Amino acid sequence: MDFILSALDYLLGIPVLGWGVQIGLIYKILLVLVSLLVFTAFILLADRKIWAAVQIRRGPNVVGPFGLLQSFADLLKFALKEPIIPGGSDKVLFLLAPLLTATLALAGWVIIPFGPGLVLADINLGILYLLAISSLGVYGVIIGGWASNSKYPFLGSLRSAAQMVSYEVSIGLVIITVLLCVGSLNLSDIVVAQQEMGLAHTLGVPWLSFLNWFWLPLFPMFVVFYISALAETNRPPFDLAEGESELVAGFMTEYSATPYMLFMLGEYISILLMCAMTTILFLGGWASPIDLPPFTWIPGVVWFVVKLSMVFFMFAMAKAIVPRYRYDQLMRIGWKVFLPMSLAMVVIVAFVLQLTGWGWQGGMA
Amino acid sequence: MTLPLFFFYLFSAIAIASALMVISARNPVHAVLFLILTFFNASGLFMLAGAEFLALLLIVVYVGAVAVLFLFVVMMLDVDFASLRQGFLQYAPIGVVVGAILLLELLLVAGSFVVSPEVAAGSALPMDGAVDNMRAIGLVLYTRYIFLFQGAGAVLLVAMIGAIVLTLRHKSNVKRQDPIVQVGRKASETLEVVKVKSGQGL
């Protein structure tokens, strides 16, 4: 019984009311979950607004002031409509697929540090966990496409799976280069390492901390990661899995109402997760860009969200500006350009670190 | 009962149940999905044993890559498992023999550890508690086991080259794009500006 009590305290404890010794984990999870979902709603709106602005349209502007409540109206619509399940489909798997996508996308946020110490699970193998979670994202797509028992979804899911597996490789190698510099797989360590070493320290101007971050020394990897993240999350210009001109809507063709919303939600949350990853790996996480008083007064969480939003802006602009790739071109750029490039970079970075002894606390060496 | 013990029984029960479902499921796609569930629970057991690096690697490699290819093949091939089951009784004795040999070998290994603990001590390196899991594996993998490690890598490389050689065919009548040639093309090589006099043509 003792372990049940301690588990309850860990999950539900409230110290202020004299019950339990720590703030329960469930409240923290709920806080992250709710703020993430609300943020996603506005990010969805921002995506459509940016797209519209590039095409000189107004975008959604009817629900609420400037259309701010559009996403909530969409949510109501998705939740209230009837979900249609195709007759020949595998019903259990058909409904499991969107659940899997949404759950896995949310599970990745467990290890994201929003600020110093502000993380749900500060595990040592954080990045590996994230890699594992994002490699599972394929299953939602494959299962959804197969269970629909229809041709376009199946073709879309095959395309998408091949694409995600391919780009996983280059993302993994890019992450390895960052790990070599830091010498730790803990995401908080990666952020701290970017504050404590780098170009600004070498130049003798440590307050210019944006020069410290890894985007500068690992710039080619930053570009490779950004493009691979677009491909990994099936964002345009790599959205061949749901290219409407070829495959109707890809693996989502047969989905409607709430299951469709879960797919959509999972997709956008994993896009945000990739933005957060870019922020942590290359843009210094919660650190302020200039280490002087007016900037350091702003809390780290705000900087984190600002950086994340800026990375998302780049994602949205890519969607609006770049034409869709052809499938064989997509595969070519993944396997013949990014893979050799990132592999070479791993070797080069490892050599440089070994010879010069740079890297946080000696790096991996 | 402590919390880890509870999770141990949970993971092992689900692992065994889903492993049974792998061989008894009618639909091959369901069988592969149950296989993935088995991998997951095995990874959970690794995690309980304190080998979190291996646990996550199991998910990344087996679930994230190998099982995806399994699923691909099973979905694409449309295997008729009913016809495969026709010769079930005929092949059953061979399966039983293979299973018995595997069981015997496992028992031998586990038994030798129990009978003489120095055998286990000789084959396994003591774990240094100060360094984390991944670093500890790296430290022995690149020193003590370097030849085995490189040998395994060479075997995989040969297998990969073999697979590529077997499947790669250059068909002569297929038009291919070469982006380097396309980008390197100059206007002067392909375009000719001709002044045409009106009324005469070329």
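If you're wondering where the values come from, they're calculated on a predicted model, not measured in any experiment. Labels below follow one simple rule: chain letters A, B, ... track the order of the sequence lines, proteins then strands, and each chain is numbered from 1.
With a 4.5 angstrom heavy-atom cutoff, B:Leu58 does not touch chain A via any of its atoms. At a 4.5 Å heavy-atom cutoff, B:Ala55 makes no contact with chain A through either its backbone or its side chain. Only the side chain of B:Ile36 comes within contact range of chain A, judged by heavy atoms closer than 4.5 Å.
The 12-atom threshold is exceeded at CD of B:Gln182, counting heavy atoms of other residues, nucleotides or ligands nearer than 6.0 Å. The environment of NZ in A:Lys336 is sparse: at most 12 heavy-atom neighbours from other residues, nucleotides or ligands sit within 6.0 Å.
B:Phe72 approaches A:Ala162 most closely through the heavy-atom pair CZ-N, 4.0 Å.
Taking the side chain as every heavy atom from C-beta outward, A:Glu168 and B:Val60 never approach each other to under 4.5 Å. Between A:Arg332 and B:Pro179, some side-chain heavy-atom pair lies under the 4.5 Å cut-off.
Note: B:Gly64 leads B:Ala65, B:Gly64, B:Ser43 in heavy-atom pairs under 4.5 Å with chain A.
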For this session: Walk me through it: do B:Val29 and A:Asp90 pass the test side-chain contact (heavy atoms from CB on, under 4.5 Å)?
Result: CA-CA 11 Å; B:Val29 173; A:Asp90 188 325; over 6 Å; no
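Proximity to chain B at a heavy-atom threshold of 4.5 Å picks out A:Ser135, A:Leu136, A:Val138, A:Tyr139, A:Ile142, A:Ile143 from residues 133-144 of chain A, in numerical order. Heavy-atom neighbours of chain B within the stretch residues 119-132 of chain A, taken at a separation under 4.5 angstrom, comprise A:Leu125, A:Leu128, A:Tyr129, A:Leu131, A:Ala132.
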